[in-house]
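Notes follow the structure.
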Amino acid sequence: MFEQQYDEEMSAEIRRLEARARAVRAGHPEWDNACAACGCRLAGTEERCAECCGG
């Protein structure tokens, strides 16, 4: 049980760090996340915005 919780917490932290790195690469180190394709600001930890995903 504790191992699963730890794995979930580490996965969430990895997603957060990757999102932060995308924002820095997009030229906005003050943001928490940016779209990997167009560089717009994103609220969650998703990799692409709805427009770039075709939605």
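Remember, it's a predicted structure, so these values are computed and weren't measured experimentally. Residues: numbered from 1 along the sequence shown.
Note on residues 3-17: pairs passing salt bridge (Lys or Arg N to Asp or Glu O under 4.0 Å), not counting sequence neighbours, are Glu13-Arg16. Among pairs with a residue in residues 5-25, none fulfils ring pair (Phe, Tyr, Trp, His ring centres under 6.0 Å), at least two apart in sequence or across chains.
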Sequence neighbours excluded and cut-off under 3.5 Å, please list the side-chain donor-acceptor pairs for residues 30-40, or say none.
| unit_1 | atom_1 | unit_2 | atom_2 | d |
| --- | --- | --- | --- | --- |
| Asn33 | OD1 | Arg22 | NE | 3.4 |
| Asn33 | OD1 | Arg22 | NH2 | 3.3 |
| Asn33 | ND2 | Gly44 | O | 2.7 |
| Asn33 | ND2 | Glu46 | O | 2.8 |

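By the 4.5 Å heavy-atom criterion applied to side chains, Val24 and His28 are not counted as neighbours.
Across all their heavy atoms, Arg20 and Pro29 have their closest contact at NH1-O, 2.6 Å.
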